[in-house]
Amino acid sequence: MEVAIQSLPFLVKGAGVTVFITLFSVAIGCVIGLIAGLSRLSKNRLLRVLATAYVDFFRGTPLLVQILLVYYGVPALLNDAQGFLMENYGMPQLIENYAMPRLLAAIMACSLNSGAYVAEIFRAGVQSIEKGQMEAARSLGMTHGQAMRFVILPQAFKRVIPPLFNEIIAMLKDTSLLSVIGIIELTKSGMLVVARTYEAFAIYITIALFYLVMTFSLSRYVDYLERRLKTGD
């Protein structure tokens, strides 16, 4: 365990990267998810179809594939698109280097993935509000948008807080997949230490404990929030 103790500063730094990417991605995912969730409930057929396609794709494909698609696939697609425009329409070359920064690719992939799950959380939250709430708001003269903004969404937000924290916990663990594109988060930090010291068990059990402490803390906070929200009802 001496190697694990000596490596703690490096592992703590990796854990910091894990937490940063998780929080940043879920925050962006909440914005994407709110838009997609409301679009899924919209009366506009095009919006519903687009939002459903987005949610189905990102919930139906592995996060690992999405990470590789964003990091390797998007630059290749942009390169091909620019080549097509230059060849067929004489457009000057605007971008020479399509390589995407690893951190940007990591946050993009995780945000898009998180947004799909958050969309379903928001959709379920809005649908859980009794229909009479909307009817009452409309009877008071509110438009549909005002009723959603001032009556339905505030109540829905309260109900979706626990599942949102569960999404944070899930994303916290899933960020370990980012090691495939060279992001030095917690798992990758441990892998580098193991490659240098060959002390696999001591390092990986330490990494597992790091994740356990973080997810256990969030789980207990979710339990606390659920009790508070029930008391508030």
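Predicted, not measured: the structure shown is a model, and the values here were computed from it. By convention here, the first residue in the shown sequence is residue 1.
Looking at heavy atoms from C-beta onward, K13 lies out of side-chain contact with I184 at the 4.5 angstrom threshold. You'll find the side chain of K188 stays beyond 4.5 Å of the side chain of I183, heavy atoms only. Under the 4.5 Å side-chain criterion, counting only non-hydrogen atoms from C-beta, T197 is not in contact with Q6. Counting only heavy atoms from C-beta outward, the side chains of F157 and I161 never approach each other to under 4.5 Å. Within the 4.5 Å cutoff, no side-chain heavy atoms of I35 are placed close to those of F122. No side-chain heavy atom of Q82 sits less than 4.5 Å from a side-chain heavy atom of L78. With a 4.5 Å cut-off on side-chain heavy atoms, L8 and T206 count as touching. In this structure, the side chains of I21 and L103 come closer than 4.5 Å at one or more pairs of heavy atoms.
Across every non-hydrogen atom of S189 and G14, the tightest pair is OG-CA, 3.4 Å. Across L63 and A109, no two heavy atoms sit closer than the pair CD1-O, 4.2 Å. The two residues I121 and P163 have their closest heavy-atom pair at CD1-O, 3.7 Å. Of all heavy-atom pairs spanning S111 and I28, the tightest one is OG-CB, 3.6 Å. Closest approach of M171 to S114, counting heavy atoms only: CE-CB, 3.9 Å. Shortest non-hydrogen contact noted between L112 and Y54 is O-OH, 2.7 Å.
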task = Begin with the C-alpha distance, continue with both residues' side-chain angles, and end with the deciding distance and a verdict on side-chain contact (heavy atoms from CB on, under 4.5 Å) for M134 and I129.
result = CA-CA 9 Å; M134 173 62 80; I129 305 300; over 6 Å; no

ask   = Where do I207 and M191 land on the side-chain contact (heavy atoms from CB on, under 4.5 Å) test, with the steps shown first?
value = CA-CA 10 Å; I207 292 172; M191 292 168 69; over 6 Å; no

message = Please determine whether side-chain contact (heavy atoms from CB on, under 4.5 Å) holds for the pair L186 and V17, giving the CA-CA distance in whole Å, both sets of side-chain angles, and the decisive distance to 0.1 Å.
response = CA-CA 7 Å; L186 180 55; V17 174; over 6 Å; no

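The line from CG of L192 to CG of L11 is 10.0 Å long, rounded to the nearest 0.5 Å. If you take CG on L172 and CD on E185, they are separated by 10.0 Å, rounding to the nearest 0.5 Å. Distance check: Y117 OH to L164 CG gives 14.5 Å after rounding to the nearest 0.5 Å. With values rounded to the nearest 0.5 angstrom, T61 atom OG1 is found 8.0 Å from L69 atom CG. Separation of atoms CG (L23) and SG (C110) is listed at 12.0 Å; rounding is to 0.5 Å. In this structure, the separation between CG on L218 and CZ on F165 is 7.0 Å, given to the nearest 0.5 Å.
No more than 12 heavy-atom neighbours from other residues, nucleotides or ligands sit within 6.0 angstrom of CZ on F216.
A donor-acceptor distance shorter than 3.5 angstrom exists from the side chain of Q146 to the backbone of T143, with no hydrogens or angles considered. Side-chain atoms of R123 never come within 3.5 Å of backbone atoms of L41 as a donor-acceptor pair (strictly under, hydrogens ignored). In this structure, E167 contributes its side chain and V118 its backbone to no donor-acceptor pair below 3.5 Å.
V194 and Y198 fall into different hydrophobic clusters, where Ile, Leu, Val, Met, Phe, Trp and Tyr are joined by side-chain heavy atoms under 4.5 Å apart, directly or via other members. Transitive grouping of hydrophobic side chains (ILVMFWY, heavy atoms separated by less than 4.5 Å) keeps I107 and V31 in distinct clusters. Each of V65 and V55 belongs to its own hydrophobic cluster when Ile, Leu, Val, Met, Phe, Trp and Tyr are linked at side-chain heavy-atom distances under 4.5 angstrom. Hydrophobic clustering, with ILVMFWY side chains joined whenever heavy atoms are under 4.5 angstrom apart, keeps L77 apart from M100. Hydrophobic clustering of Ile, Leu, Val, Met, Phe, Trp and Tyr side chains at less than 4.5 Å, counting indirect connections, unites Y71 with V180.
Residue pairs meeting the ring-ring contact (aromatic ring centres under 6.0 Å, His included) criterion with at least one member in residues 22-41, sequence neighbours excluded: F20-F24. Under the side chain to side chain donor-acceptor pair (under 3.5 Å) criterion, the residue pairs touching residues 20-47 are R40-T52, R40-E120, with sequence neighbours excluded.
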